[in-house]
> 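Quick one: the structure is below, questions incoming.
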Amino acid sequence: MTQRGPAEFTPPPECPVFEPSWEEFADPFAFIDKIRPIAEKTGICKVRPPPDWQPPFACDVDRLHFTPRIQRLNELEAQTRVKLNFLDQIAKFWELQGCTLKIPHVERKILDLYQLNRLVAEEGGFDLVCRERRWTKIAMTMGFAPGKAVGSHLRAHYERVLYPYHLFHSGTNLLVSLTYRLNASDQYITHCIIIFFYSNAPFLCEGSENRPNLRRRMGSFVAKPEPGKHLTFSNLTSLRSLVDLYVCLMCGTGNDEDRLLLCDGCDDSYHTFCLIPPLGDVPKGDWRCPKCLAQECTKPQEAFGFEQACRDYSLKSFGEMADSFKSDYFNMPVHMVPTELVEKEFWRLVGTIEEDVTVEYGADIASKEFGSGFPINGGKFKVAPHDEKYLQCGWNLNNMAMMTPSVLTHVTADICGMTLPWLYVGMCFSSFCWHIEDHWSYSINYLHWGEPKTWYGAPGFAAEQLEAVMKKLAPELFESQPDLLHQLVTIMNPNTLMAHGVPIYRTNQCAGEFVITFPRSYHSGFNQGFNFAEAVNFCTVDWMPLGRQCVEHYRLLNRYCVFSHDEMVCNMAMKADRLDVVLASAVQKDMRLMIKGERELRDKVCKMGVVQCELFKYDLLADDERQCVKCRTTCYLSALTCPCRPGVQVCPHHAHDLCSCPVSNYTLNYRFTLDDLYPMMNAVRQRAESYDEWAARVTEVMEAKLDKKRNVTVFRALLEESDEKSFPENDLLRQLRLVTQDAEKCSSVAQQLLNGKRQTRYRTGGGNSPNQLTVEEMRSFVRQLYNLPCSLTQAPLLKELLNSIEDFQQHSEKLLSDEVSADSVSEIESLLEEDSQFDVFLPELPLLRERLEQTRWLAGVQQAEDPVSNPCGLSLDCMCRLIDRGVGLTPHPSTERTMARLQELLTISEEMEEKAQALLKARPPESLETLSSMLTQVDGVPAYLPNCLLLQDTVNRAKEWLQEAEDLQVGGQTPVLSSLSDMVLRAHAIPVRLEPLDQLEVLVSEVQAWKESAAKTFLIKNSPFTLLEVLCPRWEVGSSLKKKKMRKMKGECMSSGKKKLVKLDSMSDVERALSDSKDSASAVSSLYGTFQKNLSTLDPEAWLCPLCLRSTKPSLAKIQTLLSSLQRIRVRLPVGDALRYMIERTGSWQRRARGVIDSYDHSLASQDCRGSVFYTEQRCIPLQGLSLELEELMVEGLLLQVSVPETQQLYRHLLSAATSHSHKGDAITSAEKKAKRRMNREETEIRDRGIKPKSKKQRMGTEKQRERKEASVSASDVSQSEDSEEDMTQCPAEKCLQPEGEEVYWVQCDCCNRWFHMICVGVSAELAAEEDYMCVTCSTTNAGRRK
């Protein structure tokens, strides 16, 4: 560790910065007086004008030439200057000894000789430190690491460099005895008197003027005394001559000529070994003896001051130099150097002795000579019209000092720098040292342009403290210059002052900003770079007492005054009738002190014996001509003079210092008699009386305590009185107004707080206002209410409200300290509801709201987990919602535990759901055991899991299905196909691997294959009928072929045209019945009932058509084989039951048909009948002539979908029997042909068009007529009827009316199928729809037949 370097600079706190509004900025003195209570606590403050206040720069730049001051930075700082002075003295001492001082290095650092010398002196001196071995302690104090023998080095350096200087200062090298060796007995005679005499009376020997310069060695010029002769005091002159020429003045001998030294100052000779301390070698340079050395070193040191530069600068050339210096020093453009860096570097430079940086400062440039930076009336700068407002502006420094509120207006002389602004041109590091303004006045500084100026200030109350600290830390400087701080040449690091308890504040003044210093506030600073500033002093009323105190202070320091304070007061008193009342009051108080002091001084002078008095107008003399010769105070009221010293006077305080003449010779010169001063004071008092009375009452109410406090209405009355009497604005009035305003505001705020309706400009809705008071502010506000000089009725009520708030806080803190519980929701809500009564910001509210959210969340979790309110349990969505809500909650152990439990439950639930979903979607499906094992894991999870529930349902369905499959196997009944198919379908819907499913699928596939085989066996290609429809009995045959008149005879009301030859709805009932039957016997019974119903609905006159051929009518043997294969499958199905019943019915029919055949003659048994009886090309058997039994038998046989030989045999017998009725048969055949033709036409329409056949009584339009025409043509082609196309398009009525239009209504004859116009045959639409129509021709024919 080496010596500690200077600590890095720490910036002091910032001073206040004010930004006045235009209204406040209008009156500078009122604004300064307003901010004074705040700003005087820091000594300095900064004022930023409104942004639009930008005065023009009016200084004549071309004429401005100045010679700056030279500032060496390390000489500015007090402690550094002490060190440098000490080093200069050491260097001078050794230079006079013929040596050049070289400061030694220790641990590669320059040794601080000043600190070493001071520490050794504090430890008791060199001898004591060596004796008690304190060098290590000194080394550690200086910051060196122990254990490196640094103490020994320090001792050696001290002994070699500083100890001789110490001996010199102590006078040891002069307090010696001059002895001469008289004989061999070594007897010596002391010659100290001779040395003393010699040192005070320089005698010269003869020829001494021509004596050659002996330089260092005396050589042959040494004279030895004769033996046996004794030296006496009788011949001092000759002894002096002999000693001076030949012998050492220390030992009195002349031997050792080569060691004799000749002083270059006085030519005295000394042995090198006789000197104290002795010299080891002869010095190479000039050498001074101890006597000359004492004379040179004791010369008084010149007072420190700044030198003037040799060069004269213009503003431009100085700016170029300043910018070049800064950019070169920091190696960057000037505008890029941070102010913090410049500040730290400045204080580093002023605190070091190793670096010597020199700058220049253009300070105290008279604005009267070169022009102010502000525009002035009558100046050379031409002001633009829009800038004329700055000429009379109060912030124009040319106006401020002499404005009415400034008492300096009563100083008659122009004081440059005080009443006239001074200009300052700065560069980087140029500084202004610690000082206070003359007469402790205010100062204001405006930076016109350029880089910032850094300021440091101490408040006025700390002025004496700052002076004491600087005197303590640098006493050597104040010994030679007691008024050092008034010279503006000494600076001290603010950190050092702050370390000793002095309050320091700082600020950076930028271009366009003001800095104001307050009375007796020490301030200093430096410039960040090239800039231009202007400053002036001013004094306000509050300065008056300080101004008199300053004069007394100056008298003690023997410092001259800039102006006479007494003269200024008297000038104001002589204008009492025009004085401001506040100023009059201040002047009256000041004059009372002034007259009292003057009366005492004059009494003292009279008691001294001064009897001569003379009126003398000192105001006619210049200030420097009327100064006290002792204290340099400017005399005004009185002074003492003596004829022996013309033009010299002293103040009455220093009457004894005038001269040595008798006091009776003195003359007391006075400006006013005491009788003149009292009326002046009374005039001022009368001017101030009304104000003083009012001020006394204001002071009384302002200083009232406790129960003596007055109501705020008293304060309002005092304000109204001040307005009525036009009292000027001053501190007391402002304080009264401020207290009244504060009281009214406090009263209003207190009332609003009590009402809970406090409104602010920030409040726009619900919630806490940003300007709500905190509880601490509420307490402070209550204290403020009780600390107000007046009493408010709201104070006790607000105190009670504060107590309620504190109770609320205690309850809240207790609740918040408890564990979070869902049961505390109501309690927290009640607390929050109680808070709505307080218009105060409570820090517990956010915590209570957070706690409420936590408790509500816990309550929500409990409710979701409650099996009563939520029997299904927690769902995944509910858990996610709860977790999402919980994530936003403030962390708390209770919520975090619940959150962790929910998160764990959600993780497990999601894992179970994923597993369940994977099992349900597994391909191939998993076994039932795997799913069941999964369910055992789910049983312990308290949550609603849809997939797991679906898995449970799947397992249940699988078990039910397996049980059903097992029941089918062990039940003993033949399963129905529908049941099997349903089971297969249900098994496919169950995502479980079911072992019996494969067998059932095989069984169902066999049944399906059997059904396909049966369908191929029975069904015709593209048949519209199902296999069940083909195999089941028929009952709709002939329903569309009967005549309506015959259905009317049976009582049926259904029209034949409204039924089509398609599947009937009752077939589903048949199929349902077959499916529902338990076994084949019950199925056959159902089919038998259906067959009986079919037979009961058969028409006895029905005849058959080719549409009745529904199947291929396979042979009975083939059908029996098909049934046998179905029986081997052992599955019941409706088609199989229908097939079994059809075989049984076929066998029954065969037995009955054989019985009928056997009763007939079989003459035509061998005839081969080709083709089918249903072809229209063959003759049809008229059934009307057959018996009911034969007709039923024949129809039943025809409806059988089986080819049996009995059908052909029965047909041949019936055909042979029909030939015996040929005459009747022709008529029937002709009618039957017509019916068949009509039937074929309709069936053709059904097959070809796929449309429903038209009713005979249907209305037809033009398009329908066209369709009927096309259908008639098609039917005519098929049946080869004799009806022509003309018959279908023309009405066959005898008198056809030939109607026209878009729609023509027709009606069809039910016998001949011809179409007639309704209007031609006289039939209405209602009649045609309700009744059968028969044309005239058919009516006549039928009537003839019946006859």
Side-chain angles (χ1 to χ4, degrees), residues 872-873 875-876 908-941 943-1015 1027-1028 1068 1071-1080 1082-1083 1124-1137:
C872 296
S875 64
L876 293 180
I908 295 174
S909 301
E910 288 178 344
E911 182 180 355
M912 293 299 177
E913 282 288 86
E914 291 177 359
K915 289 182 179 180
Q917 187 177 12
L919 290 175
L920 291 172
K921 292 184 177 181
R923 292 295 180 271
E926 298 290 342
S927 63
L928 183 62
E929 291 76 10
T930 304
L931 272 63
S932 299
S933 63
M934 174 64 188
L935 290 177
T936 57
Q937 302 176 17
V938 177
D939 291 341
V941 180
Y944 173 73
L945 307 176
N947 289 339
C948 293
L949 293 177
L950 182 60
L951 185 66
Q952 179 66 52
D953 180 66
T954 300
V955 171
N956 294 338
R957 288 190 293 131
K959 291 180 178 179
E960 293 175 359
W961 189 89
L962 290 174
Q963 185 62 39
E964 187 177 349
E966 185 178 357
D967 294 342
L968 284 178
Q969 293 177 1
V970 301
Q973 295 182 355
T974 304
V976 183
L977 176 62
S978 59
S979 300
L980 293 178
S981 300
D982 179 63
M983 286 187 66
V984 171
L985 290 176
R986 284 190 290 117
H988 287 159
I990 300 173
V992 182
R993 186 169 70 246
L994 303 172
E995 300 299 338
L997 177 60
D998 296 339
Q999 301 177 4
L1000 292 181
E1001 288 180 340
V1002 171
L1003 194 59
V1004 170
S1005 62
E1006 291 179 354
V1007 173
Q1008 293 296 339
W1010 182 89
K1011 286 181 66 177
E1012 293 177 2
S1013 175
L1027 182 60
L1028 185 61
S1068 61
E1071 187 174 2
R1072 190 180 305 110
L1074 293 176
S1075 299
D1076 294 342
S1077 58
K1078 297 181 179 180
D1079 50 17
S1080 298
S1082 59
S1124 299
S1125 62
L1126 177 62
Q1127 290 175 349
R1128 285 195 299 271
I1129 299 174
R1130 297 186 59 80
V1131 176
R1132 282 187 55 236
L1133 66 163
V1135 176
D1137 294 336

> Looking at every heavy atom in both Val992 and Ser927, which two are closest together, and how far apart are they?
CG1-C, 4.0 Å
> Tell me whether Thr954 contacts the main-chain N or O of Leu950 through its side chain, where contact means a donor paired with an acceptor under 3.5 Å.
yes
> How long is the straight-line distance from OG of Ser1013 back to CD of Gln1008, given to the nearest 0.5 Å?
12.5 Å
> What I'd like to find out is whether the side chain of Lys915 reaches to under 4.5 Å of the side chain of Gln937, using heavy atoms alone.
yes
> Just wondering, do Leu994 and Leu1000 contact through their side chains at under 4.5 Å, heavy atoms?
no
> Report yes if the side chains of His988 and Glu1001 come closer than 4.5 Å at any heavy-atom pair, otherwise no.
yes
> Nearest 0.5 Å please: distance from the CD atom of Glu1006 over to the CG atom of Leu980.
11.0 Å
> Enter the distance from Asp939:CG to Met934:CE here, rounded to the nearest 0.5 Å.
10.5 Å
> Test of understanding: with salt bridge (Lys or Arg N to Asp or Glu O under 4.0 Å), list the residues that count as partners of Arg986, not counting sequence neighbours.
Glu964, Asp982
> Rounded to the nearest 0.5 Å, what separates atom OG in Ser1125 from atom CZ in Arg1128?
5.5 Å
> How about Leu962 and Glu966: do any of their side-chain heavy atoms sit closer than 4.5 Å?
no
> Taking only residues two or more places apart in sequence, or in another chain, which ones meet Leu876 in a side-chain contact (heavy atoms from CB on, under 4.5 Å)?
Met879, Leu906, Ser909, Glu910, Glu913, Leu945
> If you apply the rule side chain to side chain contact (heavy atoms under 4.5 Å, CB included), what do you find for Val938 with Leu951, and how did you get there?
CA-CA 10 Å; Val938 177; Leu951 185 66; 5.7 Å; no
> Which heavy atom of Arg957 sits nearest to which heavy atom of Pro991, and what is that distance?
NH2-CD, 4.3 Å
> Looking at Ile990 and Trp961, what are the two nearest heavy atoms and their distance?
CD1-CB, 4.1 Å
> Between CG of Asp998 and CG of Leu1003, what distance do you get to the nearest 0.5 Å?
12.5 Å
> Indicate the atoms forming the closest heavy-atom contact of Trp1010 with Gly1136, along with that distance.
CH2-CA, 4.2 Å
> Got a donor-acceptor contact below 3.5 angstrom from the Asn956 side chain to the Gln952 backbone?
yes
